[in-house]
Chemist: 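Structure below; questions to follow.
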Amino acid sequence: MILYPAIDLKDGRAVRLVHGDMEQETVFNDNPAAQAMEFVNAGCEWLHLVDLNGAFAGEPVNAAPVEEILKQTKTPAQLGGGIRDMATIERWIDKGLARVILGTVAVENPDLVREAAKEFPGKVAVGIDARNGKVATKGWAEETDVMVTDLAKSFEDAGVCAIIYTDILRDGAMKGVNVEATADLARAVSIPVIASGGVSSLEDLRALKSCGADLNGAISGRALYDGAIDLKAALDVLKG
């Protein structure tokens, strides 16, 4: 399993939110590129970037810090937040992004996901953010009636390289990851699933690793910044 340290970008800074609430932010680093290098130097093989402002605006807002991260490190990075048209997808991949994460458009314009996955094989992931089993869009601000598993299954033949599954009610709350729901999703589809939301201890990582489902990896943010998860120990757990 791969550990994806999260760098959530708001107003050009690396922050963490609670339950995706833009009013409940903690600033962890004013220099996101420096934060990225810390993770890379510690041995991380991927970076997970989120343009929080972009998720609400529907277009990239924190492009400058993302570009600086891509410039300073050659470690592959995935980015979500405000990527909702083919031109933006193409622009990010041209700038060296390893993987774009499409969330809102996966619900509103699934044909775009299919087109992008075909055009850029191995570089398009679907972000499924859920509250009580139902998908939320537009920076988690809007709830839908779409069920997580139904949305995931609809992309089985699309060629997407991964599904990032986030339990919103766990995200940033340091209350543990929803192992059961994540494992159920991973068993329901053949697309690799990445766990996100509430990964707050080494026990969470061990539970994900031993859940009986073949997970690609796990994303962690606040726990790494707060020191609740020791980065080296986390890498050892997931590689062991």
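Starting from 1, each residue takes its place in the sequence as its number.
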Chemist: Look at atom CG of D94 and say whether more than 12 heavy atoms of other residues, nucleotides or ligands are closer to it than 6.0 Å.
Modeler: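 It does: D94 CG has more than 12 such atoms within range.
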Chemist: Is the shortest side-chain N to carboxylate O distance from R131 to E143 below 4.0 Å?
Modeler: yes
Chemist: Could you tell me which residues satisfy side chain to side chain contact (heavy atoms under 4.5 Å, CB included) with A34, sequence neighbours excluded, listed by chain and number?
Modeler: N31
Chemist: For E67, what residues pass the side chain to side chain contact (heavy atoms under 4.5 Å, CB included) criterion, not counting sequence neighbours?
Modeler: A63, W92, K95
Chemist: Does D111 have any side chain to side chain contact (heavy atoms under 4.5 Å, CB included) partners at least two apart in sequence or in another chain, and if so, which?
Modeler: N109, R114
Chemist: Enumerate, atom names and distances included, each donor-acceptor pair closer than 3.5 Å involving a side-chain atom of residues 122-130, sequence neighbours excluded.
Modeler:
| from | atom 1 | to | atom 2 | distance (Å) |
| --- | --- | --- | --- | --- |
| D129 | OD1 | T166 | OG1 | 3.4 |
| D129 | OD2 | W140 | NE1 | 2.7 |

Chemist: Quick one: side chain to side chain contact (heavy atoms under 4.5 Å, CB included) partners of K232, sequence neighbours excluded?
Modeler: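 Listed in chain order: D230, D236.
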Chemist: Any Lys/Arg nitrogen of R16 or E25 sitting under 4.0 Å from an Asp/Glu carboxylate oxygen of the other?
Modeler: no
Chemist: Can you pull the salt bridge (charged side-chain N to carboxylate O under 4.0 Å, His left out) pairs that have at least one residue in residues 186-196, sequence neighbours excluded?
Modeler: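 Qualifying pairs, neighbours excluded: D184-R187.
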Chemist: Sequence neighbours left out, what passes side-chain hydrogen bond (donor to acceptor under 3.5 Å, both in side chains) with N53? Give chain and number order.
Modeler: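 Only D11, N62 meet the side-chain hydrogen bond (donor to acceptor under 3.5 Å, both in side chains) criterion with N53.
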Chemist: Only counting residues at least two apart or in another chain, list the ones meeting side-chain hydrogen bond (donor to acceptor under 3.5 Å, both in side chains) with N29.
Modeler: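 So N29 forms a side-chain hydrogen bond (donor to acceptor under 3.5 Å, both in side chains) with Q35.
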Chemist: Check this for me: E180, atom CD, are more than 12 non-hydrogen atoms of other residues, nucleotides or ligands nearer than 6.0 Å?
Modeler: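 Open.
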Chemist: Mind listing the closest non-hydrogen atom pair of D51 and G54 along with its distance?
Modeler: OD1-N, 2.8 Å
Chemist: Looking only at heavy atoms, which two atoms of A33 and I69 are closest? And how far apart?
Modeler: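 Shortest heavy-atom separation between A33 and I69 comes out as CA-CG1, 3.6 Å.
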Chemist: Which atom names give the shortest non-hydrogen contact between A234 and L3, and what distance separates them?
Modeler: CB-CD2, 3.9 Å
Chemist: Less than 4.5 Å apart, any side-chain heavy atom of I163 and any of P192?
Modeler: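 No, too far: nothing below the 4.5 Å cut-off.
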Chemist: Taking side-chain hydrogen bond (donor to acceptor under 3.5 Å, both in side chains) as the definition, give me every residue that meets it alongside R91, ordered by chain and number, with sequence neighbours left out.
Modeler: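 Checked R91 against side-chain hydrogen bond (donor to acceptor under 3.5 Å, both in side chains); zero matches.
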Chemist: Check whether T88 reaches the backbone of R84 with its side chain - one donor and one acceptor, N or O, closer than 3.5 Å.
Modeler: no
Chemist: Please evaluate residues T182 and N178 with respect to the criterion side chain to side chain donor-acceptor pair (under 3.5 Å), reporting the C-alpha separation (whole Å), side-chain torsions for both, the decisive distance (0.1 Å), and the verdict.
Modeler: CA-CA 6 Å; T182 306; N178 192 334; 5.5 Å; no
Chemist: Examine distances only and state if a side-chain atom of K209 and a backbone atom of L238 form a donor-acceptor pair shorter than 3.5 Å.
Modeler: yes
Chemist: When you group the ILVMFWY residues by side-chain heavy-atom contacts below 4.5 Å and let the links chain together, are L205 and L215 in the same group?
Modeler: yes
Chemist: Please enumerate all residues that pass ring-ring contact (aromatic ring centres under 6.0 Å, His included) together with Y225, with sequence neighbours excluded.
Modeler: F28, F39
Chemist: Taking transitive links into account, so neighbours of neighbours count too, which hydrophobic residues share a cluster with I2 at under 4.5 Å side-chain distance?
Modeler: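 Joined to I2, directly or through intermediates: Y4, W46, I101, I164, I194, I219.
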Chemist: Taking only residues two or more places apart in sequence, or in another chain, which ones meet E108 in a side-chain hydrogen bond (donor to acceptor under 3.5 Å, both in side chains)?
Modeler: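 Only K138 meet the side-chain hydrogen bond (donor to acceptor under 3.5 Å, both in side chains) criterion with E108.
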